[in-house]
A.B. asks: 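Encoded as structure tokens, here's the structure I'll be asking about.
All values reported here derive from a predicted model rather than from experimental measurement. So you know, we letter chains A, B, ... as the sequences are listed, proteins then strands, and number each from 1.
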2 protein chains.
Amino acid sequence: MQGEPGWELYRTFLEVVRDGSLSGAARKLSLTQPTVGRHVDALEASLGLSLFSRSPQGLKPTPAALELVSYAETMAAASAALRRTASGGAKADRGTVRVTASEMIGCEVLPPLLASFRDSHPGITLELALNNRNEDLLRRDADIAVRMVRPRQKSLVARRVGKSAIGFYAHRNYAEKYGLPKQIADFEKHCLIGFDRDDLALRSLGKLPGLVTRDNFGFRCDSDLAQFSALKAGVGIGGCQHNIARRFPELVPVLAKAIRFELEVWVAMHEDMRSTGRVRLLFDHLAAGLSAFVRGVGAGG
Amino acid sequence: MQGEPGWELYRTFLEVVRDGSLSGAARKLSLTQPTVGRHVDALEASLGLSLFSRSPQGLKPTPAALELVSYAETMAAASAALRRTASGGAKADRGTVRVTASEMIGCEVLPPLLASFRDSHPGITLELALNNRNEDLLRRDADIAVRMVRPRQKSLVARRVGKSAIGFYAHRNYAEKYGLPKQIADFEKHCLIGFDRDDLALRSLGKLPGLVTRDNFGFRCDSDLAQFSALKAGVGIGGCQHNIARRFPELVPVLAKAIRFELEVWVAMHEDMRSTGRVRLLFDHLAAGLSAFVRGVGAGG
DNA sequence: TCCATGATATACATTTTTGTATGATGCAGG
DNA sequence: CCTGCATCATACAAAAATGTATATCATGGA
């Protein structure tokens, strides 16, 4: 319970929590297991509490330790952001930019946009973090976010690039085998593809037909990309953005007239990034490219 | 431009920026000047850019270095928050809680509340950070904030404890010497006490009489507490919360009928803190005590 | 049951980091 | 102009952190 622990100890601590073992953390940190063990000992001594219950199977964090994890993660995110900012020095066309988006956007929409950006700015390294968490920008887990909901935080610069319409689709093999619903009530006889536990994703879609609920999903998965793969494999009927689905001729629209909803598409970055050349460059490029995407032109369409 | 710099280097870097010299930073960090110098060298080598221009008068950060400061500050705030959370272990009535408020609230209103809290919970250490920045909670610079504006961030738990009415006052010596204005137009002949550069503070007061602008202030200071001291010293006419001013019999109200405005009083904490016993204890205590304060009872009234 | 595997803990050698002492330089004041 | 005091830079010794090698224990599969 003495002076402030070295910040190194926090880094080690975080990695041990993530990894669940001293040995594993040591490998990732390019240290050795005894060193990592000593770091944990030192941090426990310094904070005056027990952080892990040790066992031959690994280290299990105590409840007290779990409370501290988010702070260590904040430090890690800030450290990574600092390094990105430092990369490339002052020059606008060098360095690293980190983008976050959903898996679907990241795999189906962004790649051609990022490719053309790299063509124009070969000195800029791109990082792509695919997930559905919305707090990434505040914590500086990423420099730019492409999201389907309006960012609420005040310190973000957000631009709405348009709306992307969504409809239901099925693979043509599925349609041949099982037929297609003529009306929404027919959904009960079909296999719907939808989210598993991520009801936030479901709710963010806004109003859906009554039958489109978790109970009626015959295939559930929280990865929108895996849902799309299942759709393409003929598992069942699932939602998809029109501008993506149209690239796959084997996908046939389902009840296109009856069901139609839209998601807004937003690009956002942290306020402080406005003056960082390379981030601004990519921000504008993505805004333009996504705008073309939602209008149905370009982006591989 | 090699691997990730040790987090220790960031801590040293931040202290060198704040201090402007290797020697000064060394003193604060309980290191020595050569060590601090080596840390800076190592960080520059690792990031691949020049961070300071060295001189016998100290080190001046380069523009590139200044871009990185906020990230290092985020790390420092997270580190401090981690240590506060770790303090006291799991027990609700031990550990450290950090409160932020304006100087005025912190000096005139909170002390008796904090005193009674300490009486009930002697095991809890209190920290008080007085300033007018509103982002403190998000960055975890503090655990609880007492503010006069509604916190906007989604991840905060905020409670409005009431409204505090404000009016103009002057010291009775001033009134004897210069008389008191009979109407707002008379303000021109008097010395008004107000903010210097902090127009945010001024604007947050809402609608003010037309003559209460920076140009008409005969005494300008961004510290509300120093303004209050000037008011008590008879410098001029200034605004003050009624519930504070009434404790000082030598202060006489000015145009109390004609001018009256109110500020909301809010207590806020980070969502994650709700489950941290000691923070919750103080949050509730402050909410109750401030509620009594705005109603004009207790708090030394 | 026995062995292979992967985990943590400990003992000792090595490397790295830090501190001490000193020198060089620039500014402020008499 | 010189002196006092602050700064940063450098050389060498001491201390601390790290790595290597090994022991010990638990688990899972043949």
A.B. asks: Base, sugar-phosphate or nothing for A/Ser53? Non-hydrogen atoms, less than 4.0 Å.
C.D. replies: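 If one applies the 4.0 Å heavy-atom cut-off, A/Ser53 turns out to touch nothing in the nucleic acid.
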A.B. asks: Grab the CG-C1' distance between B/Asp41 and D/dA9 for me, whole Å please.
C.D. replies: 10 Å
A.B. asks: Any luck finding a side-chain donor-acceptor pair between B/Ser223 and B/Glu103 under 3.5 Å?
C.D. replies: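 Short answer, yes.
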A.B. asks: With a 4.0 angstrom cut-off to heavy atoms of chain A, pull out the first and last contacting nucleotide of DNA chain C, in 5'-to-3' order.
C.D. replies: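 Contact span on the strand: C/dA7 to C/dT10.
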A.B. asks: How do A/Leu31 and B/Gly58 order along DNA chain D: which one's closest nucleotide is nearer the 5' end?
C.D. replies: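 Per heavy-atom nearest nucleotide, the more 5' residue is B/Gly58.
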A.B. asks: Once side chain to side chain donor-acceptor pair (under 3.5 Å) is applied, do any residues pair with B/Asn131, and if so which ones, sequence neighbours excluded?
C.D. replies: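 So B/Asn131 forms no side chain to side chain donor-acceptor pair (under 3.5 Å) with any residue.
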A.B. asks: With a 4.5 Å cut-off on side-chain heavy atoms, are B/Ser21 and B/Leu59 touching?
C.D. replies: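 In short, these two side chains do not touch, never coming nearer than 4.5 Å.
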A.B. asks: Could B/Asp93 and B/Arg278 be called an ion pair, given the rule that one side-chain N must be under 4.0 Å from one carboxylate O?
C.D. replies: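 The answer is no: the pair does not qualify as a salt bridge.
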A.B. asks: Mind listing the side-chain donor-acceptor pairs of residues 48-56 of chain A below 3.5 Å, one per line with the distance, residues two or more places apart or on another chain?
C.D. replies:
from	atom 1	to	atom 2	distance (Å)
A/Ser53	OG	A/Lys60	O	3.3
A/Arg54	NH2	A/Asp41	OD1	2.8
A/Arg54	NH2	A/Glu44	OE1	3.4
A/Ser55	OG	A/Gln57	N	3.1
A/Ser55	OG	A/Gly58	N	3.3
A/Ser55	OG	A/Gly58	O	3.0

A.B. asks: Just the rounded figure in Å: distance from P of D/dT18 to CZ of A/Arg27.
C.D. replies: 18 Å
A.B. asks: Taking atom P of D/dA17 as reference, at what distance in whole Å does atom CD of A/Glu8 sit?
C.D. replies: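 Atom CD in A/Glu8 sits about 12 Å away from atom P in D/dA17.
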A.B. asks: Using the side chain to side chain donor-acceptor pair (under 3.5 Å) criterion, which residues pair with B/Glu127? Sequence neighbours excluded.
C.D. replies: B/Arg98
A.B. asks: Enumerate all atom pairs, one protein N or O and one N or O from nucleotides 14-16 of chain D, separated by less than 3.5 Å.
C.D. replies:
none

A.B. asks: Is any side-chain heavy atom of A/Phe228 less than 4.5 Å from a side-chain heavy atom of A/Ile193?
C.D. replies: no
A.B. asks: Do any N or O atoms of the protein come closer than 3.5 Å to N or O atoms of nucleotides 20-26 of chain D, and which pairs are they?
C.D. replies:
none

A.B. asks: Would you please say whether a donor-acceptor pair under 3.5 Å links the side chains of A/Thr100 and A/Arg147?
C.D. replies: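 The answer is yes; a qualifying pair exists.
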A.B. asks: I need the A/Asp272 CG to A/Leu137 CG distance, nearest 0.5 Å.
C.D. replies: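 These two atoms lie 11.5 Å from each other.
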A.B. asks: With a 4.0 Å cut-off on N to O distance, would you call A/Asp143 and A/Arg280 a salt bridge?
C.D. replies: no
A.B. asks: What nucleic acid atoms does A/Ser21 come within less than 4.0 Å of, heavy atoms only: base, sugar-phosphate, or nothing?
C.D. replies: sugar-phosphate
A.B. asks: Taking the side chain of B/Leu22 as its heavy atoms from C-beta onward, which of D/dT18, D/dT7, D/dA9 lies nearest to it?
C.D. replies: D/dA9
A.B. asks: Does a donor on one side chain and an acceptor on the other come within less than 3.5 Å for A/Tyr71 and B/Thr85?
C.D. replies: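 Short answer, yes.
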